[in-house]
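All chains are named by letter (A, B, ...) in the order of the sequence lines, taking the proteins before the strands, and each is independently numbered beginning at 1. Only a predicted model underlies this, so the values are computations on that prediction, with no experimental measurement involved.
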Amino acid sequence: MNAYDKTDVVIVGSGFGGSIPAYHLAAGGAKVTVLERGPWLETKDFEHDYLLGSSYTRAFDFVVGDGMSVLGGNCVGGGSVVYFAAMPRAPKFVFERHGSIGRRMWPSAITRDSLEPWYDRVSESLPVSKQDWNDVSYAGGLWASFCDHSGRTANPAPVAVDNDRCVNCNFMMAGCRFDAKRSLLTNYLPAALAHGAKIRPLHEVQRIERIDGGDYRVHFNVVDDEDYRLQSGSGTIDAKIVIIAAGAGATPVILQRSEAALGTMPHGVGRYFSGNGERLNTAIINEERVREVLGLSREDGKVYEANHIGKGPTVANWDKLDGSLPEYERYSLEQLYFPPGLGTILAQVPDGAGSDKDVPRWFGVEKKEILKKWASWLTIFLMTEDDNEGVFGTPPPTGNAYRISQQMLGRGPLKYDPTPNTRHGWALADAECKEILEKDGLAKVAPWTNDVVGAYTVHPLASCRIGDDPETSALHPNHELRDHPGIFVTDSASVPGALTVNPAMTIAALAERSVPGIVRALQARGVDVTYGAPAPDGSITGRRAVSKLSLVSGT
Amino acid sequence: MDSDEQVKVSTLEAYADTILPGEKRFPGDHAIAGAAEGPGAVVAGALELLHTDATGVTVGLPYLAQSLNEHAKGYAKEHDLALDESLPPFVALSFADRTALVRSLTAPGHPEKDGWVSLALFCNMSFDSAAHKHTAEAIAEGHPGLLAMGYTAPDEDGLWRFPKFSYRRELARLHPDTTPSGSPA
Ligand SMILES: Cc1cc2nc3c(=O)[nH]c(=O)nc-3n(C[C@H](O)[C@H](O)[C@H](O)COP(=O)(O)OP(=O)(O)OC[C@H]3O[C@@H](n4cnc5c(N)ncnc54)[C@H](O)[C@@H]3O)c2cc1C
């Protein structure tokens, strides 16, 4: 081994969970190396192109499991490069959820109120802003109008988008060519680099072992730049502290594979996976009815016909985010855009559009007919409360999936069999969507099918969750892995359960909250590091808020 | 019967045409069943996409085609159908029978489901995203899927911009429990 491959902190993965500690620890004086399995793409690399091999397929990853498929980021910046940047805070009741364990699943130290200052830090750092109706895309406006027409409310979603730069191209999943999306490439990561952090792209971590003196050795493979199925070498790097932030679909797999060397993992590793209760519903809009009933029309005289114009989700319905409702009956309904390819294959032909039970719904003659109306689609994204029922099986030889395609497509060990509770939540949300969308003949809607690739999430959570109870959580409330001091998990895997809204804001707030404890762990190991850096652009409003808190996070 | 290569190609074409059907290319076109008007997945480039190495399915295609024909023979036997022996068995099935067979191969619980779903995924992608071509070029060449879906050409630099994107009107009441950050309470 090379004597130089030694550092204070190794961080696995460069999404929200990795970039936020990378910045704070580097700014505080620690030597930080980030290992990221995906490529390092820059603004100029982000293409408007569905060609296999363009930034769209280089930057993300689709892993098909048994009953659940997971879509995530695969590049420096992780999911933030491909995400849609809707950044709501999670509603209060979420933190009081019991879920599948029959008592509060979040650590007692964490409530919406206690997380608020950390949300503020993230909000200042990215930054996140409120949108108004002028920022809302045609698709979002249409959804708002539907909600209003059926007696409901609707909110423009808070976003991490610089709307002055946004051209509404709807190519957000290929990375933002206009630097309008506030991905981590525009804030925490450049700030971490400025403080000396090292980022090594195309380094896929396989396992971790403990070495003499209590430090850790991290084993990685170097991945080919174009064909991710190929590896061009391997190596190791030693560190006093390891932070795993590979995303909820990958973090537990690294720990499972490390079990032989590290010793038994807590029960919660690779269990309690949540898909954030997600489903998509696709509505085929009746343009004329929308003109007549909702009185909408575009400047160019068209009514809607604008599925491909805009920026992911812009408007959400939050009427069912009501803490007085029973668990599994609370959900949000958010307008969303998904590009073709993955976004269209599973859209189903709605009932009554001439279909009967003997014709297939997701392929065939009628599917082609609804594809021709694609510009008039409205996709609604349901985020419900599921039951944390996902379990990871035996890890594949490398990474977290057997890679099928050069990029993007793989088969993973996650198994997900939704419980009646989860199905109940989905059914209620599906029914509400139908009620809103089909009122007065405005649209025809078909819910998601789990029959083809299982349930499908872009918001994987909780496969290595924090909690007070060692039986049902993998991490202490300060994000340290139980029985393995010096290993921290700070990503979506740590979030205990479904959030009923988009999770990145909460993942990021938890990562912010985890840093003071990690600083103390480094100090205890003799590293000269301090806590207290401003937001990446130097702003200090958010820091003032948290410096008033006891910086002891859960210890 | 045709050469192995022709059998493979027309069998896969028939599969792609079952996923997104189109009109026959010429009288006596057997691979395309002619179940729908306008070009379908085959004319959109399904075979080209399947033969793009990046998909990772290319080396498995001869096996998939062979297996599909075996399944078709079994299906014909089970349903007491006489198949035209000058055609590959799957191609010899009617559109309705091809559809029924593909439904069973991609149904939950079928042991080979994963493979047939991946094949369907790529056939679909040839039509709805032309993943074997640069999108701007595909549109300029008149790619039938992207045009059918209403895609318009990008700006001269190959990027899409939509200066008009919003109704710019207040269209609903906000939820009463919205916090100053714009989040749910
Ligand atoms: C298309 C899409 C749209 C989305 N839109 C939104 C949205 O609008 N709002 C929202 O809140 N959320 C959204 N999300 C979800 C959001 O992106 C994720 O919740 C978030 O990125 C998770 O952060 P993370 O740090 O846990 O993991 P990630 O951001 O996924 O980062 C994990 C990183 O680890 C890397 N990695 C994995 N395994 C290894 C390994 N073995 N070695 C080294 N590196 C590894 C991955 O390549 C990745 O870069 C979206 C996601 C997708 C895919």
Side-chain angles (χ1 to χ4, degrees), chain A residues 48-53 64 88-89 91-92 123 130 133-138 141 144-145 147-148 153-156 158 167-169 171 177 296 298-300 305 308-310 318-319 321 339-341 344-345 360 363-365 367-368 371-372 374-375 404-407 409 411 451-453 501, chain B residues 18-21 35-36 40 49 52-57 99 102-103 106-108 114 117-118 120-121 124-125 127-136 145 148-151 154 158-179 181-185:
Chain A
H48 288 183
D49 205 337
Y50 299 126
L51 179 72
L52 295 181
V64 180
R89 302 175 187 206
K92 269 203 165 94
S123 193
K130 273 189 355 185
W133 294 103
N134 289 319
D135 304 315
V136 159
S137 65
Y138 294 119
S145 205
C147 289
D148 187 61
T153 67
N155 281 48
V167 301
N168 291 285
C169 66
F171 262 98
R177 178 62 167 260
L296 287 180
R298 283 168 44 177
E299 293 103 318
D300 58 10
E305 262 186 78
H308 51 310
I309 302 176
W318 291 334
D319 290 334
L321 296 186
T344 40
I345 174 85
F363 68 89
V365 178
K367 176 64 180 281
K368 186 178 170 193
L371 275 182
K372 290 198 237 160
W374 177 76
I404 297 168
S405 301
Q406 287 184 358
Q407 298 162 6
L409 187 63
R411 186 78 169 83
D451 289 351
V452 184
V453 295
V501 293
Chain B
T18 311
I19 300 304
L20 281 176
L49 178 57
T52 303
D53 280 341
T55 60
V57 300
T99 301
V102 172
R103 278 187 97 180
T106 56
D114 273 9
V117 167
S118 311
L121 182 76
N124 192 76
M125 278 172 104
F127 186 87
D128 78 4
S129 43
H132 51 302
K133 293 200 160 169
H134 286 293
T135 308
M149 288 167 58
Y151 254 92
L159 301 173
W160 276 263
R161 294 173 186 80
F162 295 101
K164 292 184 178 160
F165 62 93
S166 174
Y167 296 112
R168 294 185 178 276
R169 279 165 50 188
E170 187 179 328
L171 290 161
R173 285 172 308 125
L174 296 188
H175 194 281
D177 295 330
T178 305
T179 67
S181 70
S183 292

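Taking 4.5 Å as the limit, some side-chain heavy atom of K368(A) sits within range of a side-chain heavy atom of F127(B). Residues L171(B) and W133(A) have side chains in contact (heavy-atom distance under 4.5 Å, counting atoms from C-beta outward). Under the 4.5 Å side-chain criterion, counting only non-hydrogen atoms from C-beta, C169(A) is not in contact with L159(B).
Heavy-atom pairs under 4.5 Å with chain A were tallied for A36(B), P176(B), P108(B); the largest tally goes to P108(B). Taking chain A as the reference chain and counting heavy-atom pairs below 4.5 Å, the highest number among G56(B), G182(B), S183(B) is found for S183(B). The greatest number of non-hydrogen atom pairs below 4.5 Å with chain B, out of A375(A), A154(A), G53(A), is found for A154(A). Ranked by heavy-atom pairs under 4.5 Å with chain A, the first of T55(B), L49(B), T179(B), V57(B) is T55(B). Contacts with chain B were tallied for C147(A), S137(A), P88(A); S137(A) has the most, counting heavy-atom pairs under 4.5 Å. Among the candidates I404(A), V452(A), N134(A), the residue making the largest number of heavy-atom pairs closer than 4.5 Å to chain B is N134(A).
Heavy atoms of L52(A) lying under 4.5 Å from chain B belong to its backbone as well as its side chain. Only the backbone of A185(B) comes within less than 4.5 Å of a heavy atom in chain A; its side chain stays farther off. For chain B, the nearby part of L321(A) is the side chain; its heavy atoms alone come within less than 4.5 Å. Interface residue D135(A): only backbone heavy atoms are found under 4.5 Å from chain B. Heavy atoms closer than 4.5 Å to chain A are found nowhere in D177(B), neither backbone nor side chain. At a 4.5 Å heavy-atom cutoff, the contact between H132(B) and chain A is made by backbone atoms alone.
We find the NZ-CG distance between K367(A) and D128(B) to be 7.5 Å, quoted to the nearest 0.5 Å. The line from OH of Y151(B) to OG1 of T135(B) is 7.0 Å long, rounded to the nearest 0.5 Å.
Judged by a 6.0 Å distance limit and a 45° cone about the ring axis, R298(A) is positioned over the six-membered ring of Y138(A).
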Q) Step by step, would you call K164(B) with D300(A) a salt bridge (charged side-chain N to carboxylate O under 4.0 Å, His left out)? A) CA-CA 9 Å; K164(B) 292 184 178 160; D300(A) 58 10; over 6 Å; no

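Among all heavy-atom pairs drawn from L174(B) and P156(A), the shortest one is CD2-CD, 3.5 Å.
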